[in-house]
Amino acid sequence: MILILFRQRLKAILGTILLLFVSSAHGYAGDGWTVAEGTRTWSFPRDHGAHPDYRTEWWYFTGIVAAADGRRFGYQLTFFRQGVVPGAPDPGNPWSIRDLYLAHFTLTDVAAGSFRYAERVSRAGPGLAGADAGGLRAWVLDWSAGAHDDAFVLAARDGGCEIRLTLRPRGAPVLHGEGGLSRKGPAPGQASWYASVTDLETAGTVRPDGGSEVGVRGASWFDHEFGSGQLADDLAGWDWFGLRFSDGRALMVYRLRRRDGGAAPASSGTLVDAGGTPRHLAHDDATVEALAQWRSPHSGASYPARWRLRVPAAGIDIEISPLVADQELQTEKSTGVTYWEGAVGGRGTAAGRAVAVEGYAELTGYAGGLGGLF
């Protein structure tokens, strides 16, 4: 969901970045990008790669893993591509850029109650950052996500904090919305193409901040979105959840919040059954109720901190809460957005049976709006 912010964000920061990276002034072109509308034919693994005809794209990995001694860790590794101009860069100008690449990396140490985050931004050349078409390969400096032997391989390090993980899909990609078209507003182009791999068997190593490297195993979630639109003017932010159930189900729900406090009609979700079959959830098919609040000591923002999620038609009634309260990112050096993104877990019932739930939540627009962009 954060990809929707970059079009607006770069209007504010692009001038500074271009002074650093571009010797000729291109301006911020608003035309020439393909918008997410109509239908498209998906093909994987090709569509895990970049779609440079669209202005904005992101590759988002989250997961919860555990060491042999029971210690649990949550992680997030996200790569963003933001188009600057729709044409090819000037081949005669080594400082000319077509896209900017940004990345966020977090590691949550549940037992220690700690959260570490880092951010990066770079132009593409010469080989500093990029995203390949035709298959997954995205990188910003030495942070990377790539596809190898039917698996995704992730690597990121910041100071003494590091992950090296291999993720193997246990199901086919899931398309959200209408054939993968996820609407974010009523106007043409207020949408993105959105696909996920909701269950990835995960193994590798993590190094918590100040600690030793440990082997871990667990499960991850991969989101991929691309589009050229922007949010409607009346929106204040969103709440997003990507959850895996102990009975094999997966649930994605997002709630677009209007400035008047209500949920926008474009809010929706996807329920994936244990066999991997997705079912689109319209605005009224799922409810999200905030049960508690947490105030950030960093930004002063107040975020929801416990939720009740219900999908009545599927008999789903669960409560989830953060595994660590403070999982807020303040990304002034990259996207300029302060948001809460963290590992969550809980319990409840699904179709009359008890289930455990774990995954990630993303909360935006609680710390001064969407980066102060509207």
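Quick caveat, the model's predicted, so the values are computed rather than measured. Computation of the quantities below employed the complete heavy-atom set of this structure, encompassing side-chain atoms and omitting hydrogens, waters and symmetry-equivalent molecules.
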[Y]/[X] salt bridge by N-O under 4.0 Å criterion:
X      : Y      : answer
Arg306 : Glu319 : yes
Asp234 : Arg259 : no
Asp158 : Arg116 : yes
Glu328 : Arg295 : no
Asp99  : Arg123 : no
Asp239 : Arg257 : yes
Glu119 : Lys333 : no
Arg164 : Glu213 : no

Working for ring pair (Phe, Tyr, Trp, His ring centres under 6.0 Å), residues Phe79 and Trp139: CA-CA 7 Å; Phe79 296 90; Trp139 74 98; 9.1 Å; no
Ring centers of Phe44, Trp42 separated by less than 6.0 Å: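 Judged by ring-centre distance (under 6.0 Å), Phe44 and Trp42 do meet the cut-off.
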Asp317 and Thr349 side chains, donor-acceptor separation under 3.5 Å: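 Their side chains do not contain a donor-acceptor pair, so the 3.5 Å distance test is not met.
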Fit a plane to each ring of [X] and [Y], take the angle between them on a 0 to 90° scale, and name the class: parallel (under 30°), tilted (30 to 60°) or perpendicular (over 60°).
X      : Y      : result
His224 : His51  : tilted
Trp240 : Trp221 : perpendicular
Phe222 : Phe152 : perpendicular

Cation-pi check, Arg81 onto Trp58 ring (under 6.0 Å, within 45° of axis):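 Ring-cation test returns no.
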Within 45° cone of Tyr101 ring axis and under 6.0 Å: Arg120 NZ or CZ: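 That pair does not qualify as a cation-pi contact.
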Neighbour count above 12 (heavy atom, 6.0 Å) for Asp150 CG: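 No, because the 6.0 Å sphere around CG of Asp150 holds 12 heavy atoms or fewer from other groups.
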